[in-house]
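Structure record follows, encoded as structure tokens.
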Amino acid sequence: MPPLGAHLSISGGYHNAPDAAGEMGMDCVQIFTKNNNQWRAKKLTDEDVELFKASVEKAGLSHTCSHSSYLINPASPDDELWQKSIAALTVEVDRAGALGCPGVVLHPGSPKDGDEDKGLTRVANGLDAAFEDAAEDAAEVWLEATAGQGKHLGYKFEHLAEIIDRADCADRLGVCIDTCHIFAAGYPIQTADEYAETMRQFGDTVGFGKLRALHLNDSKKPLGSRVDRHEHIGEGEIGEDAFAHVLTDPRLADVPMYLETPKDKDGTAMDPVNLATLRRLAGG
């Protein structure tokens with residue numbers, strides 16, 4: 001069974017996320033290393049790092065990762081926003097590296113002018129610039145497949161492959177597949193044949209050697225809607241069967257998979273429910 005976990009809050013201290021993951025019987029956890037809707041980042045202290053790493057070890061987590069701020073747009077045609085985004089990305093990979101997280105999940109961004117080819121080059125150049133200024137122990141960047149909402153790049157596997165191909169820092173890049181995103185982007189995964197064909201396309205373009213993580217989310221919106229709205233496992237347009245295909249795919253057996261399903265008023269109340277569903281579908 002693949003390592004299963006969720007995105008959890010660091011409110012009250014970074015160590016609280018792995019503590020909560022351990023209490024819920026998770027194998028892995030994803031976090032924000034700073035407020036995801038602010039450019040400013042509170043200083044990461046030695047104590048923060050020590051407590052987080054100790055909590056990860058105590059919880060027995062096999063994988064941790066972080067997700068970058070939603071403000072970062074490395075595809076932006078606006079030079080000021082691009083520069084600000086790249087500086088922020090450098091901070092993100094440095095913070096994740098200090099915490100021992102091997103990767104930072106990043107949305108490739110949106111070329112607001114609609115020029116996708118130029119946008120892909122802007123992303124590749126931005127990644128190179130970010131790593132030029134990053135620390136030696138900086139985390140990798142894991143490019144996330146997107147739904148394509150709002151002119152966002154990443155709704156085609158070819159976009160991810162092109163960014164990696166155009167970047168000099170390709171050896172520091174990986175990919176994260178989000179089930180909701182690829183479904184909303186138009187990749188069917190519900191039947192065994194659909195799943196096999198979609199993953200064949202991924203293997204032929206990006207390649208499984210670059211796959212670092214999966215986000216497991218059902219979708220509120222239908223196939224090809226290009227709208228990113230997550231739903232609880234089995235309660236959306238994708239349905240349970242698709243997740244059984246993912247969880248029993250031997251090529252993904254060691255790839256960490258993180259829930260990003262909606263947080264209800266009780267916070268993480270639904271995470272154990274979704275986790276139990278995934279383990280049932282995996283045959284565990």
Side-chain angles (χ1 to χ4, degrees), residues 1-38 41-70 92-106 139-140 142 144 176-180 212-218 229-236 243 246-247 254-282 284:
M1 186 181 299
L4 299 175
H7 184 108
L8 296 178
S9 173
I10 60 167
S11 179
Y14 291 86
H15 62 283
N16 285 337
D19 282 350
E23 290 171 3
M24 287 185 276
M26 295 179 180
D27 309 306
C28 52
V29 69
Q30 176 181 277
I31 63 169
F32 292 121
T33 66
K34 55 180 287 298
N35 188 308
N36 62 301
N37 288 311
Q38 292 183 8
K42 182 181 177 182
K43 179 178 172 57
L44 186 67
T45 67
D46 291 342
E47 183 181 16
D48 290 331
V49 172
E50 292 169 6
L51 288 175
F52 180 80
K53 289 183 175 180
S55 294
V56 168
E57 184 175 359
K58 180 181 178 181
L61 304 182
S62 57
H63 299 80
T64 60
C65 76
S66 74
H67 196 297
S68 67
S69 166
Y70 295 130
E92 295 267 11
V93 295
D94 281 351
R95 291 168 77 88
L99 288 166
C101 299
V104 175
V105 178
L106 172 73
E140 291 184 339
W142 298 347
E144 183 170 3
C176 173
I177 289 178
D178 185 306
T179 51
C180 170
R212 300 289 188 267
L214 277 87
H215 289 162
L216 299 184
N217 304 298
D218 211 320
R229 294 291 184 275
H230 297 184
E231 183 55 281
H232 297 296
I233 305 301
E235 296 184 12
F243 295 96
V246 173
L247 292 161
D254 298 320
V255 180
M257 303 183 183
Y258 307 90
L259 289 161
E260 287 184 328
T261 44
K263 302 295 187 186
D264 292 5
K265 62 181 180 180
D266 294 326
T268 60
M270 284 299 293
D271 286 335
V273 176
N274 285 304
L275 188 64
T277 300
L278 292 177
R279 288 186 168 144
R280 171 174 58 80
L281 294 170

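For the single chain, residues carry numbers from 1 onward in sequence order. Keep in mind that what you see is a predicted model, and the values were worked out from it rather than measured.
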query = Can you name the residues that form a side chain to side chain donor-acceptor pair (under 3.5 Å) with Asn274, not counting sequence neighbours?
reply =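 Counting only residues at least two positions away or on another chain, Asn274 forms a side chain to side chain donor-acceptor pair (under 3.5 Å) with His232, Thr261.
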query = Partners of His230 by ring-ring contact (aromatic ring centres under 6.0 Å, His included), sequence neighbours excluded?
reply = His181
Can you find a pair of side-chain heavy atoms, one from [X] and one from [Y], that are under 4.5 Å apart?
X      : Y      : value
Tyr258 : Val105 : no
Leu8   : Lys263 : yes
Leu259 : Ile233 : yes
Leu106 : Trp142 : no
Arg229 : Cys180 : no
Val255 : Ile177 : no

State, to 0.1 Å, how close [X] and [Y] come at their nearest heavy-atom pair, and which atoms those are.
X      : Y      : value
Cys28  : Ala21  : O-CB, 4.4 Å
Phe243 : Asn217 : CZ-O, 3.4 Å
Arg279 : Leu4   : CG-CD1, 3.8 Å

query = Can you tell me if Asn16 uses its side chain to pair, donor with acceptor, with the backbone of Ser11 under 3.5 Å?
reply = yes
request  = Could you tell me whether the side chain of Thr33 and the main chain of Ala96 form a donor-acceptor pair under 3.5 Å?
outcome  =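 A pair under 3.5 Å: no.
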request  = List the steps and the verdict of side-chain contact (heavy atoms from CB on, under 4.5 Å) for Val29 and Met26.
outcome  = CA-CA 7 Å; Val29 69; Met26 295 179 180; 5.7 Å; no
With rounding to the nearest 0.5 angstrom, report the [atom1] to [atom2] distance, [X] to [Y].
X      : Y      : atom1 : atom2 : answer
Ile31  : Asn36  : CD1   : CG    : 12.0 Å
His7   : Asp271 : NE2   : CG    : 10.5 Å
Arg95  : Cys101 : CZ    : SG    : 11.0 Å
Met257 : Thr179 : CE    : OG1   : 10.0 Å
Ser68  : Glu144 : OG    : CD    : 8.5 Å

request  = Kindly determine whether Leu278 and Leu216 satisfy side-chain contact (heavy atoms from CB on, under 4.5 Å), including the steps that lead there.
outcome  = CA-CA 9 Å; Leu278 292 177; Leu216 299 184; 3.7 Å; yes
task = Start with the C-alpha distance between Leu44 and Asp94, add both sets of side-chain angles, then the distance that settles side-chain contact (heavy atoms from CB on, under 4.5 Å), and finish with yes or no.
result = CA-CA 10 Å; Leu44 186 67; Asp94 281 351; over 6 Å; no
task = Step by step, work out the side-chain contact (heavy atoms from CB on, under 4.5 Å) result for Ser69 and Lys34.
result = CA-CA 8 Å; Ser69 166; Lys34 55 180 287 298; 4.1 Å; yes
task = Go through the steps to decide whether Tyr14 and Phe32 satisfy the test ring pair (Phe, Tyr, Trp, His ring centres under 6.0 Å), and finish with yes or no.
result = CA-CA 9 Å; Tyr14 291 86; Phe32 292 121; over 10 Å; no
For residues 51-66, which side-chain donor-acceptor pairs fall under 3.5 Å, sequence neighbours excluded?
{"unit_1": "Ser55", "atom_1": "OG", "unit_2": "Asp19", "atom_2": "OD1", "d": "3.2"}
{"unit_1": "Ser55", "atom_1": "OG", "unit_2": "Leu51", "atom_2": "O", "d": "3.0"}
{"unit_1": "Ser62", "atom_1": "OG", "unit_2": "Asp27", "atom_2": "O", "d": "3.2"}

request  = Enumerate the residue pairs fulfilling side-chain hydrogen bond (donor to acceptor under 3.5 Å, both in side chains) with a member in residues 42-52, sequence neighbours excluded, ordered by first and then second residue.
outcome  =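 Qualifying pairs: Thr45-Asp48.
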key: Set of residues satisfying salt bridge (charged side-chain N to carboxylate O under 4.0 Å, His left out) with respect to Glu140, sequence neighbours excluded   = Arg212
request  = Using salt bridge (charged side-chain N to carboxylate O under 4.0 Å, His left out) as the criterion, list what pairs up with Glu260, not counting sequence neighbours.
outcome  =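 Counting only residues at least two positions away or on another chain, Glu260 forms no salt bridge (charged side-chain N to carboxylate O under 4.0 Å, His left out).
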ask   = For Glu92 and His67, does a side-chain donor sit closer than 3.5 Å to a side-chain acceptor?
value = no
